[in-house]
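The first residue of the sequence shown is numbered 1, and numbering continues consecutively from there.
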Amino acid sequence: MGYYSKSTNETLKYLKVNPEVGLSTIDVEKRRQEHGYNEFEIKKGKPLIESISDSVMEPMILILLGAAVISAFVGEVHDAFGILGAVILGLSIGAATESKSQKAAQALSKLTDNIEVKALRNGKIHQISKRDLVPGDIVYIESGNMIPSDGRLIKSINLKLREDMLTGESADVLKNADKVIKQEHIPAEQINMVFGGTLVAYGRGIMVVTSTGDKTEMGQIAQHIGDNDIQTPLQLKLGKLGAKIAIISGIIAFLLCVHMIVKMNLNGTIKLNTSGIIPFLKSLEPAKDAYMVCIALIVATVPEGLPTMVNITLAITMQKMAKINALVTKKEACETIGCVSVICSDKTGTLTQNKMMVEVAYIDGEYVDSSKYNSSSYFEENCIVNSTADIEKEDKDYKYIGSATECALLLYHRNRDYNKFRKETNLVSQVPFSSDKKRMSSLINTEENGVFLSKGAPEVLLEKCVYIQKGKTVVPMTPQIKREILSEIRKLQVKSMRTLGFAYKKIDKSSMQVAATYEGELSSSFNLETYERYKDLIFSGFVGIVDPLREGVKESIQVAYDAGVKVKMLTGDNINTAKAIGEEIGLLDDGKKAVEATYIDLLSDEELRKEINDISIVARSKPDTKMRIVQALQANSEVVAVTGDGINDAPALSKADVGISMGISGTEVSKNASDIILTDDSFSTIVDGIKWGRGIYENFQRFIQFQLTVNIVAFMIAVMSQVMGREMPFTTIQLLWVNIIMDGPPALALGLEPVRDYVLKRKPIKRKAGIIARSMLVNIIINAALIISIVNLQSFFNVLDATSKEQGTVVFSVFAFSALFNALSCREFGLNSIIPNFFKNKLALYVIFITGIVQVVFTQVFKSFFNSVALSGFMWMKIILLSSMVLILNETLKFIIRIMKINKIEIVSEIISYKGYKEI
């Protein structure tokens with residue numbers, strides 16, 4: 001039903017409610033059964049079975065499951081159980097962390113459930129939770145309240161609402177309960193309706209609830225925000241890596257298995273029967289060794305610990321990011337934010353404090369330094385009494401209730417008890433601010449006379465002023481004085497200040513129209529119409545009001561630029577204010593430009609893709625504009641983060657690679673649509689989050705570098721042994737032990753490596769870039785070559801002088817300890833030495849040390865399981881010493897290359913200097 005097109009009586013009749021009594025307890029229960037509670041439906045995540053099913057279909061998991069089936073088929077049941085155990089461990093940890101993430105999101109959706117509202121029920125006013133409201137409830141609203149649901153106004157007294165979080169329009173909306181709108185209008189034009197989630201700027205009213213929960217305007221938007229099925233850059237890269245490993249390992253393992261079977265057939269070990277499929281398969285049964293080599297190769301190459309390590313690392317990082325005021329609701333965002341290349345930021349509350357403050361005051365013909373002034377033009381009354389706003393002190397800060405501009409004037413007089421001042425002042429009548437008249441007026445009664453007060457747009461007030469206050473005297477307003485004042489005002493506007501003018505007129509008491517009051521409320525504007533027509537007012541002065549930049553925001557933007565992250569400001573402000581802020585924080589440097597949303601609307605999608613790189617500011621931004629900008633940037637292969645706090649920001653937040661909502665000023669819908677919630681609403685926290693994200697990405701690379709090195713070693717040794725006609729030096733269980741147990745804990749420790757400061761000195765990783773960087777590939781090849789050499793040195797030449805019984809155990813242990821020393825080496829990339837940051841991740845050192853002890857103990861104790869024998873303490877010392885050569889040789893090689901590079905640079909510098917000298 002279009003309630004906006006119905007009168008209040010028709011609406012009340014349709015909803016079956018008496019405005020003098022409200023709903024009865026029985027009515028409430030019936031309507032709750034029909035409509036439910038006044039809350040949004042929590043979007044359920046995937047069921048546990050579906051999540052596990054999706055994880056099982058990952059290429060790496062499928063390969064392992066296939067290996068387990070083959071192991072069981074050929075009778076190696078303990079190998080099959082070992083592989084299945086590793087798979088179940090990884091899936092369990094993944095499911096647990098996903099469940100924790102979903103619970104966090106569900107808890108956030110209840111952030112506003114504890115809001116209390118005044119409702120009329122059973123003939124009495126009760127304080128109830130907004131969650132308990134049902135259609136037909138009569139609710140009382142006043143300045144500072146959040147509207148608890150959609151409703152039709154049945155009474156309004158000077159009522160103005162802030163609907164910017166729903167419509168994107170920054171101006172307060174004047175509501176009128178008596179208005180009936182016959183034609184269909186968008187919510188922004190339904191002035192007889194109020195909408196859940198919006199705020200009462202000032203005034204008061206009575207509403208009847210028409211819609212609750214998902215049926216409200218806010219709820220409808222929330223329901224249209226679909227789950228973001230776009231894979232994160234990390235998921236894409238890990239998927240590609242897993243697919244490549246699966247294909248390569250599968251092909252080589254199959255070819256090697258075929259090679260072995262053909263060789264066995266030629267040697268007469270088996271006799272292939274090609275008379276049919278069943279006979280052929282039966283003839284392959286004796287080729288158990290070939291199957292086990294195939295399984296060993298698969299186990300050796302698949303990074304089984306990768307899903308586990310990713311889930312654990314992201315879960316721990318979620319907790320750490322919460323400590324820097326970034327509450328992560330979707331754990332993948334921990335990593336994705338590190339890949340961000342563009343931040344589309346809102347202005348108010350993110351770049352600025354969203355706290356209007358008086359920066360400049362021109363009173364009685366001169367600028368004053370502070371609120372300690374002496375005014376002869378009723379300036380104090382104009383700021384405090386000619387106002388409906390309130391401020392509330394919270395510790396060292398102030399909470400604004402009502403119009404932010406009026407609150408700034410109260411804060412300017414914070415040394416004055418404004419409530420006491422208002423009570424001591426006889427306020428006769430008041431007219432709220434009107435966007436048509438662009439001013440607010442009040443009439444007060446003093447002992448000597450009445451005083452008409454007016455404040456509003458300086459340009460409008462100056463047209464009504466024929467005098468100006470100069471100190472204690474009043475002088476005529478000349479054209480020259482007016483030009484000078486307008487010139488001063490323009491200077492403030494260029495600096496992104498909002499200007500507000502003040503005027504007054506003394507009125508003889510005998511000519512005053514005494515206004516009547518009704519139920520303690522101020523009377524209607526009719527009583528002030530006579531005075532509002534005055535054109536002989538006295539100009540009192542003006543103020544410049546700013547929304548101050550957040551502390552450190554300019555520096556944070558510079559850090560973002562240094563990190564290769566572009567910042568774009570999408571704001572609902574006008575172009576002049578947007579430009580002034582942009583210039584102050586450096587967004588318009590390097591030829592970047594500011595445009596209005598109408599300019600974006602005229603561009604085709606292709607034109608927008610080409611131009612968006614040169615646009616840093618979009619003023620008068622609308623929800624559809626933000627969506628188009630995000631899509632254009634993503635089409636240009638950018639990884640986009642979007643900040644927002646309003647309902648209208650929700651679609652863009654959902655579409656972005658990383659949606660970032662405001663925890664303090666953000667609406668329930670924007671929080672639900674986002675991946676990260678800033679509990680301090682600060683842009684600086686986003687930059688800190690990028691640093692964390694890049695650190696996490698590097699930690700994933702450390703893990704991949706570490707595990708791929710070990711896997712390649714196992715793979716190559718297996719292939720070499722078959723090509724050279726030797727037996728496999730490792731059993732399937734031994735390879736599984738190295739890949740999961742030995743690789744697992746050290747890999748997790750690498751995943752928690754402290755973030756290096758240099759991560760914000762490089763450009764973001766491109767969306768299409770592979771996760772294995774060139775420097776990683778070099779390290780993998782070098783370390784793999786070193787480990788293969790060391791293992792083969794023992795395998796072929798027995799350099800540790802092991803007995804024939806000990807040889808298999810010694811080779812296995814050399815491989816295991818080489819993997820541990822490789823973990824230390826993988827803590828750094830490229831030519832960086834591990835020495836400067838060696839003790840910065842003590843957990844990694846403890847884990848590697850303990851894992852080494854576990855290797856010794858398990859090999860000594862569980863001999864039958866590992867096909868091993870007990871070794872002497874001296875032999876273990878020799879094994880550790882030989883294995884440590886992986887790290888020692890690696891560091892030595894890096895040192896030599898660094899010296900060579902330095903010398904090369906010095907030689908080139910000398911040549912350049914010499915040539916320069918010769919030219920001179």
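R490 and Q493 form no side-chain donor-acceptor contact under 3.5 Å, judged by distance and modelled atom types alone.
No more than 12 heavy atoms of other residues, nucleotides or ligands sit less than 6.0 Å from atom CG of N374. No more than 12 heavy atoms of other residues, nucleotides or ligands sit less than 6.0 Å from atom CD of E551. Annotation for K495: atom NZ does not count as buried by contact number, only 12 or fewer foreign heavy atoms lying within 6.0 Å. Atom OH of Y398 has more than 12 neighbouring heavy atoms from other residues, nucleotides or ligands inside a 6.0 Å radius.
Counting only distance, with no hydrogens or angles, the side chain of S156 and the backbone of A177 share a donor-acceptor pair below 3.5 Å. Checking side-chain atoms of K175 against main-chain N and O of M193 turns up a donor-acceptor pair under 3.5 Å. Looking only at distances, a side-chain donor or acceptor of Q469 sits under 3.5 Å from a matching main-chain atom of G471. Of the possible donor and acceptor atoms, one in the side chain of D150 sits under 3.5 Å from a partner among the backbone N and O of G196.
Looking at heavy atoms from C-beta onward, E463 lies in side-chain contact with K482 at the 4.5 angstrom threshold. You'll find the side chain of S442 reaches within 4.5 Å of the side chain of L427, heavy atoms only. For the pair I507/L443, a side-chain contact is recorded, criterion being any heavy-atom separation below 4.5 Å from C-beta on. Looking at heavy atoms from C-beta onward, F452 lies in side-chain contact with L537 at the 4.5 angstrom threshold. The closest side-chain heavy-atom distance from S387 to R422 is below 4.5 Å. Within the 4.5 Å cutoff, no side-chain heavy atoms of D346 are placed close to those of M662. Taking 4.5 Å as the limit, some side-chain heavy atom of L159 sits within range of a side-chain heavy atom of I141. Counting heavy atoms from C-beta outward, T643 and S661 have side chains that stay 4.5 Å or more apart.
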For side-chain contact (heavy atoms from CB on, under 4.5 Å), just list the numbers for L153 and K179, CA-CA rounded to whole Å, side-chain angles, deciding distance to a tenth of an Å, and then say yes or no. CA-CA 10 Å; L153 286 169; K179 188 77 173 179; over 6 Å; no

Determine, step by step, whether T216 and F195 satisfy the side-chain contact (heavy atoms from CB on, under 4.5 Å) criterion, reporting the C-alpha distance in whole Å, the side-chain angles of both residues, the deciding distance to 0.1 Å, and the verdict. CA-CA 7 Å; T216 61; F195 303 100; over 6 Å; no

Report the C-alpha separation of V567 and F683 in whole Å, then their side-chain angles, then the decisive distance to 0.1 Å, and conclude whether the side-chain contact (heavy atoms from CB on, under 4.5 Å) test is met. CA-CA 11 Å; V567 180; F683 182 87; 3.9 Å; yes

Show, in sequence, the C-alpha distance, side-chain angles and deciding distance for L409 and V358, and conclude whether the side-chain contact (heavy atoms from CB on, under 4.5 Å) test is met. CA-CA 7 Å; L409 297 175; V358 176; 4.0 Å; yes

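Under the salt bridge (Lys or Arg N to Asp or Glu O under 4.0 Å) criterion, K568 pairs with no residue, sequence neighbours left out. By the side-chain hydrogen bond (donor to acceptor under 3.5 Å, both in side chains) test, T625 is found to be paired with no residue, residues two or more places apart in sequence or in another chain being considered. When the side chain to side chain contact (heavy atoms under 4.5 Å, CB included) test is applied to T685, the partners found at least two apart in sequence or on another chain are N325, A326, L678, D680, S682. Here K470 pairs with Y362, I468, T473, V475 under the side chain to side chain contact (heavy atoms under 4.5 Å, CB included) rule; sequence neighbours left out. Under the salt bridge (Lys or Arg N to Asp or Glu O under 4.0 Å) criterion, R550 pairs with no residue at all, not counting sequence neighbours. In this structure, D589 has no side chain to side chain contact (heavy atoms under 4.5 Å, CB included) partners at least two apart in sequence or on a different chain. Applying the side-chain hydrogen bond (donor to acceptor under 3.5 Å, both in side chains) criterion to S556, with sequence neighbours excluded, gives S684. Residues satisfying the side-chain hydrogen bond (donor to acceptor under 3.5 Å, both in side chains) test with Y418, not counting sequence neighbours, are D390. Annotation: side chain to side chain contact (heavy atoms under 4.5 Å, CB included) contacts of E488 (sequence neighbours excluded): Y367, K491, F542. Contacts of E380 classified as side-chain hydrogen bond (donor to acceptor under 3.5 Å, both in side chains), with partners at least two apart in sequence or in another chain: R416. In this view, Y504 and Y378 satisfy the ring pair (Phe, Tyr, Trp, His ring centres under 6.0 Å) rule, not counting sequence neighbours.
Nearest heavy-atom pair, Y4 versus N192, reported as atom, atom and distance to 0.1 Å: O-ND2, 2.8 Å. What you find for L492 and T499 is that their closest heavy atoms are CB-CG2, 3.9 Å. The two residues I191 and I181 come nearest to each other via the heavy atoms N-CD1, 3.7 Å. Of all heavy-atom pairs spanning C344 and L570, the tightest one is CB-CD1, 3.8 Å. Closest of all the heavy-atom pairs between N382 and A503 is ND2-O, 3.1 Å. Here the closest non-hydrogen pair linking A408 and M356 is CB-O, 3.2 Å.
Atom CG of residue L587 and atom CG of residue L351 lie 7.0 Å apart, to the nearest 0.5 angstrom. Annotation: the span from K505 atom NZ to N449 atom CG amounts to 11.0 Å, rounded to 0.5 Å. Rounding to the nearest 0.5 angstrom, the gap separating the CD atom in E406 from the SG atom in C383 is 10.0 Å. Within the model, atoms CD of Q430 and CD1 of I444 stand 11.0 Å from one another, a figure rounded to the nearest 0.5 Å. Of the inter-residue distances, the one linking D364 atom CG with S377 atom OG reads 3.5 Å to the nearest 0.5 angstrom. Here CG of L199 is found 8.0 Å from CG of L161. Values are rounded to the nearest 0.5 Å.
Results of the side chain to side chain contact (heavy atoms under 4.5 Å, CB included) test with E163 over V194, T198, I147 single out T198 as the only residue that passes.
Note on ring orientation: taking the six-membered ring where Trp is involved, the planes of H413 and F379 are tilted (angle from 30° to 60°).
Under the 4.0 Å criterion applied to side-chain N and carboxylate O atoms, E448 and K506 are not assigned as salt-bridge partners.
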Which atom pairs, donor and acceptor, lie under 3.5 Å between side-chain atoms of residues 590-603 and protein residues at least two apart or in another chain?
unit_1: K592; atom_1: NZ; unit_2: N613; atom_2: O; d: 2.9
unit_1: K593; atom_1: NZ; unit_2: E611; atom_2: OE1; d: 3.4
unit_1: Y599; atom_1: OH; unit_2: E611; atom_2: OE1; d: 2.6
unit_1: Y599; atom_1: OH; unit_2: E611; atom_2: OE2; d: 3.2
unit_1: D601; atom_1: OD2; unit_2: K622; atom_2: NZ; d: 2.7

